[in-house]
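Just below is one structure, and these are the notes that go with it.
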Amino acid sequence: MGKGFYIRKELAVTCVVAAVAAVAVIIALSVVYAQEKSKNEVTLPFTAGPDATSTFSPTPSTPKEPWMHFRLPDSLAPVSYNVTLWPRLEPIADNLYVFSGHSTVVIRCVRETDLILIHSNKLNLTTFEGHHAKLNGLNGATAPTLTKTWLEIPTQYLVIQLSSPLWAGNMYELFTQFTGELSDDLGGFYRSEYMEDGVKKVIATTQMQPTDARKAFPCFDEPAMKAVFHMTIIHAHGTVALSNAMNYSQDLIQTSFQPTKIMSTYLLAFVVLLFSVQVRIWARRKAIEEGQGNYALEKTGPILKFFENYYNSSYPLKKSDQIAIPDFSAGAMENWGLITYRETALLYNPAMSSNGDKEWVVTVISHELAHMWFGNLVTMKWWNDLWLNEGFATYVSYLGANFAEPTWNMKELIVLNEIIGVMAVDALASSHPLSSNEKDIMRPDLITELFDSITYSKSMTTAICLQTYLEEFKYKNTVYTDLWKHLQMAVDKAGIPLPRPVEVIMNRWILQMGFPVVTINTQTGKITQKHFLLDPDSVVDTPSEFNYEWFVPVTWIKNGGAEQQYWLLEKEATNEDMILNTTGWLLANIDMKGFYRVNYDSENWERLLAKLSSSHQAIPVINRAQIIDDTFNLAKAKMVNITLALRTTKFLSKEVEYMPWQIARNNLEYFFLMFDRSEVYGPMQAYTKKQVTPLFNHFKEITLNWTKNPEKHTDQYNQVNAVSLACSAGVEGCKELTTNWFKEWMKNPANNNITPNLKSTVYCNAIAAGGVQEWDFAWSMFKNATVASEAEKLMFALSCTKQPWLLNRYLRYSLDPEKIRKQDATSTITYIANNPIGQPLAWDFVRANWAHIFNNYGGGSFSFGRLIGGVTKRFSTEFEYKQLLQFKEDNAGQLGSASMALERALESTMANINWVAMNKEPVLEWFTSEDCTSIL
């Protein structure tokens, strides 16, 4: 995050000014917490009525019956649930684990109806006198008899037809009894397994978001259907049961919990475990004994206190349990009072975990704790406004992490970690608006597709706005216009002049996809905007009522002077203050506070390049990174010459800061993806070697010949860049350095002296340089790793081998849950595809095994969609494009949430084809000339 953009709470009015100044700026806060819900078929029999079908089909354009709609009618509202569940942690037969239970839901009739629809998925419901439920009246109300019940599989309803209506204002209770499979599909109520001292341990846990609470018990499974939950868990001796609220009674086999606050079904959680506890940080016994929960314990309290002060709202619950689950699809899940995490997102071992691992833990904890207010206390009405939950939580998570680790400058890393990445996706014609129409997001698979990097927020919230917003809507549901109302209240109170009302400004940013490129002519002062597309020839099929124009607050400086701001309210305008003399230079979008790209006239580009060459530190570090990223993307869009973009990297031989190097590496990675199988590769490697050698030597010096870590947080990251790039480019001494470290470890596996920050790079380079001996050693260490972050590094490094047969073996391992956890299968395949030798192997493997992957690893998984992008990102030929089209045809109806990713892959592949055809020759010529220059 750029300095000056973040909110300083002690200056309330200044906060509002800064926020509203950036009101049309989308800070793209990526949801990296992937919702990888597997959808295995349950082997227990379903009890479906004669009207039920077993084939999932798209929503009919005009459904004839209420149970054919994917949205619940507004006739009933849940008040409370009383749920008892009994998971069996031992298989009943052939590795089949089950749970049983019963549920009573109190419902209030809002509008007269003779039909009850309640969600139920993959549950075997007990029948009572031929019906799947019992209905009773409360408070003197008489319940009608049930005439017919069945399970409507396509829309996941239990349908109950009544002999006479339920009356508005009356209360009723609906009782169901059921069994289900405690499968390993990472969704709903599922099981996770791990090995401890050679013995397999099983726990029962949950992941309900977005639409899997219905797999645990029948419920009104929509975010607006908030209720109170009374949970009771029956469990074996020696195990512990947790849920959202504190337990109030427990005997040897049953634990009951206090009622929850009013909340949505997707936030419900319960776990039965054998773990050890350390003041409400839960994990495997050995992990706790090794102190892996200490860092999370140390930072959770201060972050919670920070958010209480930031929101001016007390934490609404009496406890906050955080638990690390061995098998967990998302990074974490904000279940109210019982937050569940991947082990890598909660556990930290200072002796083995890297600086990046530590940052991941504190930012994920901060993100999930932020949800206790944004998302849990106040919840979006429907999934089309998911960004109200995830975007704001992601933004303030950086504030919480910055409070917990004040020397890390976390707010500046928002630009690199969140904004840059999502801009590449949002610049595609296949992107989508931030907020969609409710009617367009109905089916569960469409809901899951929203959990992507476009689900971002506008960083424009102030303490004043948040306090009134949270107070008015606590325990309720909202739509985005409610937030604009409260921001407008803050603006009015502070007396801030805006060119348009808040809602009018913001609608252009959330109701249409994409973002603008702002072009500034410093010779005339003319400023223009247009929809930025990476492929300017692509067709945008999605209409916009705003004609893809935005209200853009343009920030800028001249010759390093004071920052100024100008509102661009039309397609083009003129600002004479931006006209330069013959020697001056102008820079816009200061610290990347705005969600837009910037282009200039050629004279100003030359002056910026000259300034980077002569005194690069005169330009703010974030803007040095921005210049690189903007030019490379403008070149992709055919708005500037590709050689201009390449020239922005020449100053890097004098650069030691992390952000410019990382942005350059990200962009040059595309060149390697396109050209690592062509004659461009050699000169490109030579240029990389020339540029990175000074950086490698810089870190060799400041680390006293690699004997200590750099002190600065971002320097530790840039040291990784220096070693990784130097080894891949053949810088003298790098390969020997990494392979020798790895060999020393192989000689003494119990004593790994490789610094944690460099482990991934060292492991990868050593395995790439070695053979089966190195690979088998790493595999053995991976299987025996007790620290999740260490296992993740080894899992990645195993994909670096240059031996095709080892890569094929690793691909086979990826679909064996005994070797690779289901949560890691798609990541493993993607890692292999990142290897130029592994990419065609991975693509062939995915195509050959798609049916198995789809059926066993989840058609509704977010990372499942990312798998498509991962294995196809090198595609740049007509032949590969035709393969993608054939894959789409062959698997129609069996793509799930990968559908959108496939469309993006097709669009990206066509853009790659065009880009290579246009740029291969000039790129080869430029790198060759630079290579010759270095020789001379």
Side-chain angles (χ1 to χ4, degrees), residues 184 192-200 284 286-287 326-327 342-344 347 349 351-354 357 724 727 735 738-756 758-839 841-842 844-846 849 853 857 867 870-871:
D184 61 351
S192 174
E193 301 174 356
Y194 64 98
M195 300 298 293
E196 187 172 271
D197 298 328
V199 178
K200 183 170 77 170
R284 292 176 288 108
K286 281 193 172 182
D327 293 290
R342 273 198 186 202
E343 289 191 333
T344 53
L347 305 181
N349 184 323
M352 301 187 74
S353 303
S354 69
D357 298 328
S724 179
C727 283
K735 181 179 178 181
T738 56
T739 55
N740 287 339
W741 281 339
F742 195 80
K743 286 175 182 176
E744 289 299 315
W745 184 32
M746 290 180 69
K747 291 177 184 177
N748 187 2
N751 186 22
N752 186 347
N753 291 319
I754 303 169
T755 179
L758 292 175
K759 279 182 174 180
S760 287
T761 295
V762 172
Y763 295 171
C764 181
N765 280 283
I767 290 172
V772 65
Q773 186 178 2
E774 285 79 7
W775 200 96
D776 284 345
F777 172 77
W779 176 257
S780 174
M781 301 309 293
F782 166 70
K783 293 303 293 180
N784 292 309
T786 60
V787 177
S789 59
E790 176 73 1
E792 190 171 76
K793 293 178 180 65
L794 287 161
M795 184 174 66
F796 160 72
L798 287 162
S799 70
C800 297
T801 179
K802 296 180 179 179
Q803 304 294 323
W805 74 273
L806 287 173
L807 291 169
N808 272 322
R809 184 170 78 176
Y810 198 21
L811 283 166
R812 291 195 301 274
Y813 285 1
S814 72
L815 296 188
D816 182 351
E818 295 297 317
K819 292 183 170 66
I820 299 292
R821 292 185 179 278
K822 280 194 170 184
Q823 67 175 20
D824 297 321
T826 55
S827 295
T828 302
I829 298 171
T830 302
Y831 288 154
I832 295 169
N834 286 339
N835 183 332
I837 298 171
Q839 190 276 325
L841 304 178
D844 290 344
F845 181 80
V846 167
N849 293 277
I853 296 171
Y857 287 79
L867 175 65
V871 298

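Side chains are part of it too, since the values below use all heavy atoms of this structure and drop only hydrogens, waters and symmetry mates.
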Full working for side chain to side chain contact (heavy atoms under 4.5 Å, CB included) between Thr761 and Ser724:
CA-CA 6 Å; Thr761 295; Ser724 179; 3.9 Å; yes
Does Asp824 reach the main-chain N or O of Ile820 with its side chain, forming a donor-acceptor pair under 3.5 Å?
no
Sequence neighbours excluded, the answer for side chain to side chain donor-acceptor pair (under 3.5 Å) partners of Lys783 is none
Could you check Lys735 against Asn765 for side chain to side chain contact (heavy atoms under 4.5 Å, CB included), going step by step and ending with a plain yes or no?
CA-CA 7 Å; Lys735 181 179 178 181; Asn765 280 283; over 6 Å; no
Strictly under 6.0 Å, is that where the ring centroids of Phe742 and Phe777 end up?
yes
Taking every non-hydrogen atom, the tightest pair across Ser789 and Thr344:
N-CG2, 3.8 Å
Using the test side-chain contact (heavy atoms from CB on, under 4.5 Å), find all partners of Asp844 that sit at least two apart in sequence or belong to another chain.
Arg847
Partners meeting side-chain contact (heavy atoms from CB on, under 4.5 Å) with Ala287 (sequence neighbours left out)
Ala283, Arg284, Gln292, Leu347
First locate atom OG1 of Thr786, then atom CG of Asn349, and finally report the distance between them rounded to the nearest 0.5 Å.
7.5 Å
Could you name each residue pair satisfying salt bridge (Lys or Arg N to Asp or Glu O under 4.0 Å) that touches residues 790-805, not counting sequence neighbours?
Asp357-Lys793, Lys759-Glu790
For Thr739 and Ala769, work out which heavy atoms get closest and say how close.
CG2-CB, 4.0 Å
Supply the atom-to-atom distance Thr826 OG1 to Leu815 CG, rounded to the nearest 0.5 angstrom.
10.0 Å
According to the side-chain hydrogen bond (donor to acceptor under 3.5 Å, both in side chains) rule, which pairs have a member within residues 806-817, sequence neighbours left out?
Asp776-Arg809, Asp816-Lys819
Closest heavy-atom pair and its distance - Ser760, Phe796
O-CE2, 4.2 Å
In a check of side-chain hydrogen bond (donor to acceptor under 3.5 Å, both in side chains) between Asp327 and each of Lys822, Gln823, Arg821, which one passes?
Arg821
Distance in Å, Leu841 CG paired with Leu807 CG, rounded so as to fall on 0.5 Å steps:
6.0 Å
Rounded to the nearest 0.5 Å, what separation is found between the OG1 atom of Thr738 and the CD1 atom of Ile767?
11.0 Å
CD1/Ile829 to OG/Ser799 distance, rounded to the nearest 0.5 angstrom?
12.0 Å
Tell me, please, which residues at least two apart from Met195 pass side-chain contact (heavy atoms from CB on, under 4.5 Å).
Lys200
Should Glu193 and Pro326 count as side-chain neighbours, where that means a heavy-atom distance under 4.5 Å?
no
Shortest non-hydrogen pair, Ala797 vs Cys764, comes out as CB-N, 3.8 Å
Do Trp745 and Trp741 make the cut of ring centroids closer than 6.0 angstrom?
no
Any donor and acceptor pair, going by atom type alone, linking the side chain of Trp775 with main-chain N or O of Leu798 inside 3.5 Å?
yes
Minimal non-hydrogen separation, Ala791 against Ala785, with atom names
CB-CB, 3.9 Å
To the nearest 0.5 Å, tell me how far Ser780 OG sits from Leu794 CG.
10.0 Å
